[in-house]
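These numbers were taken from a predicted model, which means no experiment stands behind them.
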Amino acid sequence: MTNQLTQRYVASVDDRTVRDAVQKAVDVELLRVAYGGAFLSRPVFLDHAQQEGLGRDLAGVFRLLTSLPGLVTDGDLGRYCELVGMTPSQAAAVRRTAGAPPVPLGRADLYHDGEGFRLLEFNISSALGGFENAEINRALRDVPAIADFTERERLRHVDTLGEIVRVMLDTHSAPFWGDRPFVALVDTPASFPGLERRLGFMAELLSAYGVDAVACHTGQIEARDGRLYAGDRPVDIVYRFFIIEDLLEETGELELIDPILRCHENGGVTVFAPLDTEMYGNKRALALLGDERVRQSLSAEDLALVDRFVPWTRRVRRGEVEVGGAYVDLEAYCVENRADLVLKPSLLHGGMGFAAGWLMSEAEWRAALDDATRSPFVVQRRVAPGPETFTDGDVTGPSVLNWGVFMAGDRYAGAIVRGVADPDVGVVSMGSGARVGGCFHGPDPSAAL
């Protein structure tokens, strides 16, 4: 994607002359811990229309996704959880924290195909990577050439963490137990060692928003007298970094998480975000937007949004599936079109279980497809991202970008991008060698100078 802002930046700022300054600016401990020092040579840019459009589109898709239980299971959350691939224990945990209305917080992963943004998946949860993105933008403004450009173009960035805090406090209905809300940033014992420093930095950042916080795991939370305690202090909000895939019988996490859910049910603490968000930020939920029963209930405007914004995505199962208005055998279609398809597990994250047809032999693809029919998987049409130019070392060339765009409430809440030079990579992620960049957006052209 190359908009006019990007064109003006490339014409006025030479990546090769600022790359060292960029790397020096982002070389701070918080960002090293979060991203390992892997940064793009420049920021990316959205014009005002793109920023506003992304906010509208994500809010529209969120509204559709959160309407699905009512559309397909008459509001029966247990049946809906089963439909999107959850186990009974996962579904039970979802029901214990489900509330109305759903908490409007998420990060979408998108590619820009040269014509517009296309939604690969929508992570609707509190456990979102990239919350430090405003720190990247602040660091980039320390580079004189970037600072001059952003000032000349009147560019801004959204404070994503501030937007998350706004939604978090809006969804906490009980009074706080002290002068300031006390938030426990809670992960699982298994993954906490890898996230402890990063969550520790998050706890420090939250202080600027009037929030006291501590990073911990579920084994360090104690339930006493209807309250949860982290150390000697009662917790107002459990900021949830444990996710639905942690809630399987074999993980042993259910026993540790049960006191948190019980206290939430009794009003002693708020779990943010509730586990029902996992029903909506689920790849099978995205696939249901293509189900003919769902499509028949959508307005013309909503159908146009889905068709424009969401790539063809369907549940992997035996039998026929709709493609371009006709019904074909899904397995045969997937084998014939493997170069244009990807397989994704419904409930895993970070590219786990991802299979790209164009990177596999037919035999490997058939085996992956056969495995997917026995698990909660979706198949999605490949989106080919349009490249942008960056400098990596002494080489200037194209990279493809995964745009991580946040939604908080019903609006755009900032973005972080990951980029790799290989256009055929299966997943643009940190695991595939991606570098990270910040995002600035342009002003409203109708606003006064």
Could you go step by step and tell me if Val61 and Asp57 meet the side-chain contact (heavy atoms from CB on, under 4.5 Å) rule? CA-CA 6 Å; Val61 172; Asp57 287 347; 5.5 Å; no
Run the numbers on Ile237 and Val271 for side-chain contact (heavy atoms from CB on, under 4.5 Å), then give the verdict. CA-CA 6 Å; Ile237 299 172; Val271 172; over 6 Å; no
Does Arg42 make a cation-pi contact with Phe390 (under 6.0 Å, within 45 degrees of the axis)? yes
Salt-bridged, Glu29 to Arg32, with N to O below 4.0 Å? no
Using 0.5 Å steps for rounding, measure from the OH atom of Tyr239 to the CG atom of Asp187. 12.0 Å
Between Asp370 and Arg318, does any NZ, NE, NH1 or NH2 come within less than 4.0 Å of an OD or OE carboxylate oxygen? yes
Within a strict 4.5 Å, meaning less than it, do heavy atoms of the Phe45 and Leu155 side chains meet? yes
Return the CZ to NE2 distance between Phe242 and His217, rounded to the nearest 0.5 Å. 13.5 Å
Please indicate whether Gln4 has more than 12 foreign heavy atoms, meaning atoms of other residues, nucleotides or ligands, lying under 6.0 Å from its CD. no
Begin with the C-alpha distance, continue with both residues' side-chain angles, and end with the deciding distance and a verdict on salt bridge (Lys or Arg N to Asp or Glu O under 4.0 Å) for Arg63 and Asp302. CA-CA 10 Å; Arg63 174 176 50 81; Asp302 287 339; 2.9 Å; yes
Regarding Arg418 and Asp109, does a basic nitrogen lie under 4.0 Å from an acidic carboxylate oxygen? yes
Distance under 6.0 Å and angle within 45° of ring axis: Arg338 vs Trp358: no
Show, in sequence, the C-alpha distance, side-chain angles and deciding distance for Arg411 and Glu163, and conclude whether the salt bridge (Lys or Arg N to Asp or Glu O under 4.0 Å) test is met. CA-CA 10 Å; Arg411 64 193 188 212; Glu163 290 295 291; 3.1 Å; yes
Asn133 side-chain N/O to Gly438 backbone N/O, donor-acceptor pair under 3.5 Å: no
Taking the side chain as every heavy atom from C-beta outward, state whether Val316 and Leu343 have any pair of such atoms under 4.5 Å apart. yes
With rounding to the nearest 0.5 angstrom, report the CG to CZ distance, Leu341 to Arg382. 10.5 Å
Reference residue Leu65; test side-chain contact (heavy atoms from CB on, under 4.5 Å); the match among Asn282, Thr277, Ile124: Ile124
Distance under 6.0 Å and angle within 45° of the ring axis: does Arg198 meet both against Tyr35? yes
Donor + acceptor pair across side chains of Arg435, Ser41 (<3.5 Å): no
Grab the two heavy atoms, one from Ala213 and one from Leu206, that are nearest each other, plus how far apart they are. CB-CD1, 3.7 Å
N-O pairing of Glu135 and Arg138 below 4.0 Å: yes
State, with a plain yes or no, whether a side-chain heavy atom of Arg284 is found less than 4.5 Å away from one of Pro376. yes
Side-chain donor/acceptor of Gln90 to backbone N/O of Ile244, under 3.5 Å: yes
For the residue pair Arg141 and Thr150, confirm or rule out a side-chain donor-acceptor distance under 3.5 Å. yes
Does any donor atom in the side chain of Glu388 or Ser399 lie under 3.5 Å from an acceptor atom in the other side chain? no
Pairwise distance CZ(Phe406) to CG(Asn123) - rounded to 0.5 angstrom: 9.0 Å
A side-chain contact here means heavy atoms from C-beta on lying under 4.5 Å apart; do Val417 and Asn402 qualify? no
Does CD belonging to Glu153 count more than 12 external heavy atoms closer than 6.0 Å? yes
For Glu301, does the CD atom have more than 12 heavy-atom neighbours from other residues, nucleotides or ligands under 6.0 Å away? no
Any chance the side chains of Asp246 and Thr188 put a donor and an acceptor closer than 3.5 Å? no
Donor-acceptor contact present, side-chain Ser126 to main-chain Phe272, <3.5 Å: yes
Does a sphere of radius 6.0 Å around CD in Gln23 hold more than 12 heavy atoms from other residues, nucleotides or ligands, not counting ones at 6.0 Å or beyond? yes
Expected output: side-chain Thr171 to main-chain Ala273 donor-acceptor under 3.5 Å: no
Quick one, Leu288 with Val84, criterion side-chain contact (heavy atoms from CB on, under 4.5 Å). Give me CA distance, side-chain angles, the key distance, then yes/no. CA-CA 9 Å; Leu288 283 172; Val84 297; 4.3 Å; yes
Minimum heavy-atom separation for Phe377 and Ser346, please, with both atom names. N-OG, 3.6 Å
Is Arg314 salt-bridged to Asp291, cutoff N-O under 4.0 Å? no
For the residue pair Phe149 and Tyr9, does the interplanar ring angle fall in the parallel (under 30°), tilted (30 to 60°) or perpendicular (over 60°) class? perpendicular
Go through it in stages, so that I can follow the logic: the residues are Tyr111 and Trp403, the test is ring pair (Phe, Tyr, Trp, His ring centres under 6.0 Å), and I'd like the CA-CA distance, side-chain angles, deciding distance and then a yes or no. CA-CA 6 Å; Tyr111 284 168; Trp403 293 73; over 10 Å; no
Is the closest basic N to carboxylate O distance between Asp159 and Arg166 below 4.0 Å? no
To the nearest 0.5 Å, what is the distance between OG1 (Thr66) and CE (Met279)? 9.0 Å
Sorted by first residue and then second, give each ring-ring contact (aromatic ring centres under 6.0 Å, His included) pair with at least one member in residues 310-341; sequence neighbours left out. Trp312-Tyr333
On a heavy-atom basis, which atom in Thr313 and which in Gln380 lie closest, and how many Å separate them? OG1-NE2, 3.0 Å
Going from CZ on Phe440 to OG1 on Thr6, what distance comes out if it is rounded to the nearest 0.5 angstrom? 12.5 Å
Quick check against the 3.5 Å criterion: does Asp371 have a side-chain atom that pairs as donor or acceptor with the backbone of Arg374? no
Steps toward salt bridge (Lys or Arg N to Asp or Glu O under 4.0 Å) verdict (Arg240, Glu278): CA-CA 12 Å; Arg240 179 176 63 83; Glu278 306 276 357; 2.8 Å; yes
May I ask you to decide if the ring planes of Tyr280 and Tyr80 are parallel, tilted or perpendicular, using 30° and 60° as cut-offs? tilted
Is there a donor-acceptor pair closer than 3.5 Å between any side-chain N or O of Asn337 and the backbone N or O of Asp340? no
Scanning both residues in full, the closest heavy-atom pair of Leu31 with Ala139 reads CD1-CB, 4.5 Å
What closest approach, in Å, do Val379 and Cys334 show between heavy atoms, and which atom pair accounts for it? CG2-SG, 4.0 Å
Could you pull out the closest heavy-atom pair between Ala98 and Leu77, with the gap in Å? CB-CD1, 3.7 Å
